[in-house]
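Only one structure is covered here, and it is reproduced in the block below.
Order of the sequence lines fixes the chain letters, A, B, ..., with proteins taken first and strands second; residue numbering starts at 1 for each chain.
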Number of protein chains: 2
Amino acid sequence: MDEVDDILLKVHKTFDIVGKKWNGMIIYVLMSGPKRFSELHSSIPSLSKRMLNERMKELEEEEVVVRHVTNDRPVRIEYLLTKKGYELGMALEPISKWAIKWIK
Amino acid sequence: MDEVDDILLKVHKTFDIVGKKWNGMIIYVLMSGPKRFSELHSSIPSLSKRMLNERMKELEEEEVVVRHVTNDRPVRIEYLLTKKGYELGMALEPISKWAIKWIK
DNA sequence: TACATTAGGTTACTTTATGTAACCAATAGT
DNA sequence: ACTATTGGTTACATAAAGTAACCTAATGTA
């Protein structure tokens, strides 16, 4: 088992998450605290409900977020980062620093 | 001009680069030094020549990489990170740390 | 009673992005 | 003349994302 190849594989799998449209932004927004479906939707206006829903299902599957249903009516859904997700969010922070420095 | 919205926009634009299939891996591989077209291709076997070529054109356009043609025959093309690209690569490093910790 | 609203979706359909494999141009080696 | 090499390009197939209308359950309003 080649250590270098193993790392490359893991990095590759991680970029399959981060390198998927919308995921970076979703995690970035969730770093400011739990958000409801509609809050995520309005925070990223160009992200459609269809894609938001699909991405959240995938991120839940990856154990990056947790979906929490309240008893309110109409139903309210809160999405929050897991520890894994929070640490991924932390790992994305330098990207936002880079963005501020380099994007005109 | 809302400062928060401005940052969100810049982060959004950055995730349009990083959150595009293959770009993270390409930049990650280039962090170990300049690479020829064929070296990038063999470092990331599942990335086709077509997509590699397309991504490199885009990254050059974004001024993340520079394309350097040597006088050798057959022609050799070297891709290297610009300062902007190198700093983006640095910003991606925590992601590889996260990968090692969290990907099984 | 009937109708509208709200949250969080889902469905059907269109458009765009990516994958696959064959092909090409220039040069060098046999 | 034939073959290999590098860094592509082309045509075509499949997968992913965008769009807009619709749905469900409950509650509020006329």
Side-chain angles (χ1 to χ4, degrees), chain A residues 9 11-30 33-62 64-81 85, chain B residues 9 11-30 33-62 64-81 85:
Chain A
L9 193 75
V11 172
H12 201 314
K13 283 186 181 176
T14 302
F15 280 122
D16 280 349
I17 301 173
V18 176
K20 197 160 194 176
K21 202 165 180 181
W22 304 118
N23 279 346
M25 284 303 287
I26 291 168
I27 295 163
Y28 177 82
V29 169
L30 284 176
K35 294 281 172 294
R36 289 170 47 201
F37 184 89
S38 54
E39 290 176 313
L40 283 166
H41 187 228
S42 57
S43 295
I44 315 168
S46 46
L47 168 56
S48 69
K49 289 197 291 179
R50 184 173 105 61
M51 288 314 298
L52 176 55
N53 185 45
E54 190 169 314
R55 283 300 103 97
M56 295 321 286
K57 278 181 190 166
E58 293 162 1
L59 290 173
E60 202 189 351
E61 186 75 19
E62 305 270 6
V64 167
V65 302
V66 153
R67 184 176 183 272
H68 178 240
V69 186
T70 72
N71 288 326
D72 299 313
R73 304 290 152 178
V75 69
R76 278 156 186 270
I77 312 290
E78 276 209 328
Y79 291 97
L80 34 147
L81 292 170
Chain B
L9 193 75
V11 172
H12 201 315
K13 283 185 182 175
T14 301
F15 280 122
D16 280 349
I17 301 173
V18 176
K20 197 160 194 177
K21 200 164 181 183
W22 305 118
N23 279 346
M25 283 304 288
I26 290 167
I27 295 164
Y28 177 81
V29 169
L30 284 176
K35 294 281 174 292
R36 291 170 43 201
F37 184 89
S38 54
E39 291 175 312
L40 283 166
H41 186 228
S42 57
S43 295
I44 315 167
S46 47
L47 167 57
S48 70
K49 289 196 292 180
R50 183 173 107 58
M51 287 315 298
L52 176 56
N53 185 45
E54 190 169 315
R55 282 303 102 97
M56 295 321 285
K57 278 181 188 164
E58 293 163 0
L59 290 173
E60 202 189 351
E61 185 74 19
E62 306 270 6
V64 166
V65 302
V66 154
R67 184 176 183 273
H68 178 241
V69 185
T70 71
N71 289 326
D72 300 310
R73 303 292 151 180
V75 67
R76 278 156 186 268
I77 312 290
E78 276 209 329
Y79 291 97
L80 35 146
L81 293 169

Walk me through it: do A/S38 and A/R76 pass the test side-chain contact (heavy atoms from CB on, under 4.5 Å)?
CA-CA 9 Å; A/S38 54; A/R76 278 156 186 270; over 6 Å; no
side-chain contact (heavy atoms from CB on, under 4.5 Å) between A/E78 and A/L80, intermediate numbers included
CA-CA 6 Å; A/E78 276 209 328; A/L80 34 147; 4.2 Å; yes
From CA spacing to verdict: side-chain contact (heavy atoms from CB on, under 4.5 Å), B/R55, B/W22
CA-CA 8 Å; B/R55 282 303 102 97; B/W22 305 118; 4.2 Å; yes
Decide side-chain contact (heavy atoms from CB on, under 4.5 Å) for B/Y79 and B/M56; before the verdict, give the C-alpha distance in whole Å, the side-chain angles of both, and the deciding distance to 0.1 Å.
CA-CA 8 Å; B/Y79 291 97; B/M56 295 321 285; 3.5 Å; yes
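In terms of modelled atom types and a separation under 3.5 Å, the side chain of A/N23 and the main chain of A/V18 share no donor-acceptor contact.
In this structure, the CG atom of B/D16 is 13 Å from the C1' atom of D/dA17, given to the nearest Å. Computed from coordinates, the B/L40 CG to D/dT6 P distance equals 14 Å when rounded to whole Å. With rounding to whole Å, A/D72 atom CG is found 14 Å from C/dG9 atom P. Here the P atom of nucleotide D/dT27 and the CZ atom of A/R76 are 13 Å apart, to the nearest Å.
The listed nucleotides are C/dG19, C/dG8, C/dT10; the one nearest the side chain of B/W22 is C/dG19. Candidate nucleotides D/dA17, C/dG8, D/dG8 were compared by shortest atom distance to the side chain of B/R67, and D/dG8 ranks first.
Closest heavy-atom contact between B/L52 and B/L40: CD2-CB, 3.9 Å. The two residues B/V75 and B/T70 come nearest to each other via the heavy atoms CG2-O, 4.3 Å.
Rounded to 10°, the angle separating the first-five-pair axis and the last-five-pair axis of the helix from C/dT1-D/dA30 to C/dT30-D/dA1 equals 20°.
An OP1 or OP2 oxygen of D/dG18 is reached within less than 4.0 angstrom by a side-chain nitrogen or oxygen of A/K21. OP1 or OP2 of C/dA7 has not a single side-chain nitrogen or oxygen of A/Y79 nearer than 4.0 Å.
Counting only residues at least two apart or on different chains, the salt bridge (charged side-chain N to carboxylate O under 4.0 Å, His left out) pairs with a member in residues 37-54 of chain B are B/R50-B/E54.
Residues from residues 45-55 of chain B that place a heavy atom under 4.0 Å from any atom of DNA chain D, listed by number: B/K49, B/R50, B/N53.
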